[in-house]
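Below is one structure, written out as structure tokens, with a few remarks after it.
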Amino acid sequence: MRETYHEELASISDGLVEMANLVGSAIGLATAALLDADLQLAESVISADEKVDDLQRDLENRAIAVLARQQPVATDLRVVVTSLRMSADLERSGDLAQHVAKLARMRFPNRAVPRDLRRTVLEMGRLAQRLMAQAAEVIITQDVHAALQLEKDDDRMDGLHRTIFQHLMDDRWQHGVETAVDVTLVGRYYERFADHAVSVAQRMVYLVTGEHADELIPDTPA
């Protein structure tokens, strides 16, 4: 009975890793679709999000079944509840990748991102994919140090997000209001995607230690 119980918990963890890998791949493909105005690729990302949604529903059902049958307490209860919260973060990440792809589809055959911001957006896409890959690894290893490092790595995404706004506020902006709105949304999508990756890592810290991530990061001297 106990062995079956731990197999159920392990299967929930495996589901989280699969979700993280899927949404990480999705943001990479969506970035390519956005920058290359690739309609077929954009459509594939949009349709693939259904699998992420299905995985979340399946994971929720398994977690609820564990709660009902096993009535876990203490650490095991923390595993189940935290896993449910992580699955919500990952599902929202998939939605954000889908939003990027939908923007690529909406502007096809044109490119939504002007040439002078392509490099910034490409870096945001690559960083988002890397952060989610790190989050998947943290789920597997339960490495608290790596999880805490993820939040520091996210600082680069915040810097890229600021770069976009600097371009938008520049008097030399010549791409019009529609493109300004598109670029603003794109920057927000990537920034929020990265936040969800960080949130997954922070939740893993809580799962392992019972403490919140900000309680484990020492204050930086002023």
Practice task
In sequence, state the C-alpha distance, the side-chain angles, and the governing distance for L77 and L67, and then conclude on side chain to side chain contact (heavy atoms under 4.5 Å, CB included).
Solution key: CA-CA 8 Å; L77 179 61; L67 289 173; 3.6 Å; yes
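- Linking Ile, Leu, Val, Met, Phe, Trp and Tyr whenever their side-chain heavy atoms come within less than 4.5 Å puts V177 and F165 in one cluster.
- Residues A135 and A197 approach most closely at CB-O, 3.8 Å, considering heavy atoms.
- When the side chains of ILVMFWY residues are joined at heavy-atom separations under 4.5 Å, either directly or via intervening members, F108 and V181 end up in two distinct hydrophobic clusters.
- Of all the heavy atoms in Q129 and S25, the pair that sits closest is NE2-CA, 4.1 Å.
- Salt bridge annotation for R126-E123: absent, with no cationic side-chain nitrogen under 4.0 angstrom from a carboxylate oxygen.
- The structure places CG of L117 at 11.5 Å from CZ of R119, a figure rounded to the nearest 0.5 Å.
- Linking Ile, Leu, Val, Met, Phe, Trp and Tyr whenever their side-chain heavy atoms come within less than 4.5 Å puts I12 and V81 in one cluster.
- Closest of all the heavy-atom pairs between A20 and M132 is O-CG, 3.3 Å.
- Ion pairing of E8 with R62 is absent here, as no side-chain N (NZ or NE/NH1/NH2) approaches a carboxylate O to less than 4.0 Å.
- A heavy-atom distance below 4.5 Å is found between the side chains of W173 and V183.
- For R57, the CZ atom sits in a packed shell: over 12 heavy atoms of surrounding residues, nucleotides or ligands are nearer than 6.0 Å.
- Looking at R192 and D195, a side-chain N of the basic residue comes within less than 4.0 Å of a carboxylate O on the acidic one, giving a salt bridge.
- In this structure, the separation between CG on D38 and OG on S44 is 8.0 Å, given to the nearest 0.5 Å.
- S83 contributes atom OG, which lies 8.0 Å from atom CG of L9 (distance to the nearest 0.5 angstrom).
- Screening L90, D14, I139 against M19 for a side chain to side chain contact (heavy atoms under 4.5 Å, CB included) leaves a single residue, L90.
- Remark: L103 CG to R111 CZ distance equals 13.5 Å, nearest 0.5 Å.
- With contacts defined as side-chain heavy-atom distances shorter than 4.5 Å, the pair Y190/H161 does not qualify.
- Salt bridge D95/R92: absent, no basic N to carboxylate O contact under 4.0 Å.
- A donor-acceptor distance shorter than 3.5 angstrom exists from the side chain of Q98 to the backbone of I46, with no hydrogens or angles considered.
- No continuous path of ILVMFWY side-chain contacts below 4.5 Å connects L96 to L41, so the two sit in separate hydrophobic clusters.
- One distance of note links CG of L59 with CG of D54; it measures 12.5 Å at 0.5 Å rounding.
- Shown here is E50, whose CD atom has no more than 12 heavy atoms of other residues, nucleotides or ligands within 6.0 Å.
- Proximity of E18 to K51: side-chain heavy atoms (C-beta onward) are separated by under 4.5 Å at one or more points.
- A donor-acceptor pair under 3.5 Å links the side-chain atoms of S87 to the main chain of L84, judged by distance alone.
- When side chains are defined from C-beta on, R203 does not count as touching L207, because their heavy atoms never get closer than 4.5 Å.
- The shortest heavy-atom contact between A147 and A201 is CB-O, 3.5 Å.
- Checked against E191 for a side chain to side chain contact (heavy atoms under 4.5 Å, CB included), the options V186, I164, L160, D158 give a single hit: D158.
- Between R85 and D89 there is no salt bridge, since no side-chain N of the basic residue sits under 4.0 Å from a carboxylate O of the acidic one.
- Atom CD of Q149 sits about 10.0 Å away from atom CD of E151, to the nearest 0.5 Å.
- Within 6.0 Å of CZ in R118 there are more than 12 heavy atoms belonging to other residues, nucleotides or ligands.
- At a threshold of 4.5 Å between side-chain heavy atoms, the hydrophobic network of Ile, Leu, Val, Met, Phe, Trp and Tyr places L35 and I27 in one connected group.
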Exercise for the section: Go through H175 and D116 one step at a time and tell me if the side chain to side chain contact (heavy atoms under 4.5 Å, CB included) criterion holds. Expected result: CA-CA 10 Å; H175 305 295; D116 51 336; 3.2 Å; yes
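- Of all heavy-atom pairs between A37 and N110, the closest is CB-O, 3.8 Å.
- Across A30 and A101, no two heavy atoms sit closer than the pair CB-N, 4.0 Å.
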Practice task
Please lay out, stage by stage, how H99 and L185 fare under the test side chain to side chain contact (heavy atoms under 4.5 Å, CB included).
Solution key: CA-CA 9 Å; H99 291 338; L185 289 173; over 6 Å; no
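- Residues V138 and L150 fail the side-chain proximity criterion, which asks for heavy atoms closer than 4.5 Å.
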